[in-house]
Q: 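Could you have a look at this structure, given as structure tokens, before my questions?
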Amino acid sequence: MKLDIIIPAYNEEKNVSLIHDKIDEALKDIDYNLIYVNDGSTDNTYRELKELYKKDKKVKVVNFSRNFGKEAAIYAGLEKSTGDLCALIDADLEQNPKYLKEMYNILTKDEDTDEVAMINTKRTNNTYAQKKGSRSFYKLINALSDIEFKADASDFRMFTKDVRNAILKLSEKNRFTKGIFSYVGFNVKYIPYEVEKRSHGKSKFNFKSSFKYAIDGIIGYSVKPLKMATILGFIASILSFIYLLYIIIKTLILGIDTPGFATLASLILFMGGIELICIGILGEYLSKTFIETKNRPIYIENKSLGFDEDVL
Ligand code: UDP
Ligand code: MG
């Protein structure tokens with residue numbers, strides 16, 4: 001079976017040839033192609049990839065016109081893939097290519113498995129706060145969403161072309177790969193592995209981008225926050241109505257009270273806060289809808305290498 005290995009790379013000039021050699025070593029007797037996706041790198045990644053392309057005919061390069069993000073890079077790689085099997089692996093060697101062989105063996109021997117996903121249960125490279133944050137994220141998203149999100153499952157996966165075609169059918173612009181994998185289903189086998197140290201360069205994900213990623217995941221896979229806003233509105237109105245009745249009855253019995261400025265001020269601020277939160281939630285969904293309706297391409301290519309012969 002022919003395997004396509006998709007490698008998203010953003011500013012990975014020192015890693016792209018290292019991972020090429022490691023994969024070469026690990027997959028000696030397997031028929032495979034490497035699809036590098038250069039996600040608008042600003043360093044010498046493209047030049048390095050060009051050298052690799054000249055040296056090795058297994059190498060193909062999708063070159064983006066600018067940085068579109070890892071999710072877009074994965075989509076582009078899948079779109080270009082023509083093999084029976086596809087694998088995703090990061091360029092930074094945190095994910096050891098030796099596992100590709102393991103995944104390949106499972107998929108080729110066991111017909112009932114459509115996908116093998118590596119899970120990083122130990123999260124060796126993460127700080128305590130990152131581990132806690134990711135636990136809370138999975139708890140929250142599993143409580144809010146109808147589909148199940150497997151904790152600690154990475155993008156380090158291999159799957160059949162049926163899975164690939166299913167993923168490509170989800171052509172949304174806000175791509176949240178973890179969600180997409182959960183959404184399409186199929187028979188997935190999870191295998192634990194240990195993440196290694198990044199070989200060169202530094203990670204592109206920080207606290208801010210991880211937080212945005214988490215919000216994107218929740219908005220993309222659950223409408224429960226909208227329902228919660230409605231419920232919150234109902235509760236607030238019921239409580240205010242009860243309070244109103246209380247004031248009317250009190251006035252009828254005891255006459256007009258001295259003005260309660262503090263009560264009034266705190267009520268207005270409290271209700272104003274709830275309203276703004278609800279409008280904010282609505283705005284999040286609206287902004288995602290706005291982006292989807294513009295229907296812009298997920299990525300734009302510029303001087304990709306090695307795909308021309310496939311057109312003929
Ligand atoms: N990546 C990408 N586009 C981006 C950010 C990252 O293609 O905008 C690639 C990056 O080159 C690497 C993989 O995605 O191959 C994972 O990125 P990184 O190592 O920064 O993330 P982490 O491992 O820290 O989650
Ligand atoms: Mg990494």
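Order of appearance sets the numbers: ligands from 1, and atoms from 1 within every ligand. These numbers come from the heavy atoms of this one structure, side chains and all, not from hydrogens, waters or symmetry mates.
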Q: Would you mind running through ligand 1 and noting each atom that sits below 4.0 Å from a heavy atom of Ala91?
A: 15 (O)
Q: Do we see a donor-acceptor contact under 3.5 Å between the side chains of Glu301 and Ser304?
A: yes
Q: I need the single residue from Thr45, Asn67, Asn11 that forms a side chain to side chain donor-acceptor pair (under 3.5 Å) with Asp39. Which is it?
A: Asn67
Q: Could you identify the single nearest non-hydrogen protein atom to atom 24 (O) of ligand 1 and state the distance to 0.1 Å?
A: Ser203 OG, 2.5 Å
Q: Taking the N/O/S atoms of Glu94 one by one, which is nearest to the Mg ion (ligand 2)?
A: OE1
Q: Any idea which of Tyr10, Tyr36, Phe64 brings a heavy atom closest to atom 5 (C) of ligand 1?
A: Tyr10
Q: Under 3.5 Å, is there a donor-acceptor pair between the Lys173 and Asn295 side chains?
A: yes
Q: Suppose we only allow N, O or S atoms; which atom of Asp92 ends up nearest to the Mg ion (ligand 2)?
A: OD2
Q: When the ring centroid of Phe181 is compared with that of Phe159, is the distance short of 6.0 Å?
A: yes
Q: If only side-chain N and O atoms count, and only distance matters, is there a donor-acceptor pair under 3.5 Å linking Asn63 with Asn38?
A: yes
Q: Among protein heavy atoms, which lies nearest atom 16 (C) of ligand 1, and at what distance?
A: Asp90 OD2, 3.3 Å
Q: Give the residue, atom name and distance (to 0.1 Å) of the protein heavy atom nearest atom 9 (C) of ligand 1.
A: Pro8 O, 3.8 Å
Q: Which ligand 1 atoms, with their elements, are less than 4.0 angstrom from a heavy-atom of Asp92?
A: 19 (O), 23 (O)
Q: In the protein, which heavy atom is nearest to atom 3 (N) of ligand 1, and how far is it?
A: Asp39 OD2, 2.6 Å
Q: Could you check atom 17 (O) of ligand 1 against the protein and tell me its nearest heavy-atom contact, residue, atom and distance included?
A: Phe205 CE1, 3.9 Å
Q: In the protein, which heavy atom is nearest to atom 11 (O) of ligand 1, and how far is it?
A: Glu12 OE2, 2.5 Å
Q: So do Arg157 and Glu115 actually touch side chain to side chain, heavy atoms under 4.5 Å?
A: yes
Q: For ligand 1, indicate whether the residue Asn67 contacts it via side chain, backbone, both or neither (heavy-atom separation under 4.0 Å).
A: side chain
Q: For atom 18 (P) of ligand 1, grab the closest protein heavy atom and report residue, atom and distance to one decimal in Å.
A: Arg198 NH2, 3.5 Å
Q: For atom 14 (O) of ligand 1, find the nearest protein heavy atom and state the residue, atom name and distance (0.1 Å precision).
A: Lys70 CD, 3.3 Å
Q: What distance do Lys161 atom NZ and Met1 atom CE have between them, rounded to the nearest 0.5 Å?
A: 8.5 Å
Q: Does the side chain of Asp92 come under 3.5 Å of the side chain of His200 through a donor N or O and an acceptor N or O?
A: no
Q: Indicate, with yes or no, if the rings of Tyr299 and Phe64 have centres closer together than 6.0 Å.
A: yes
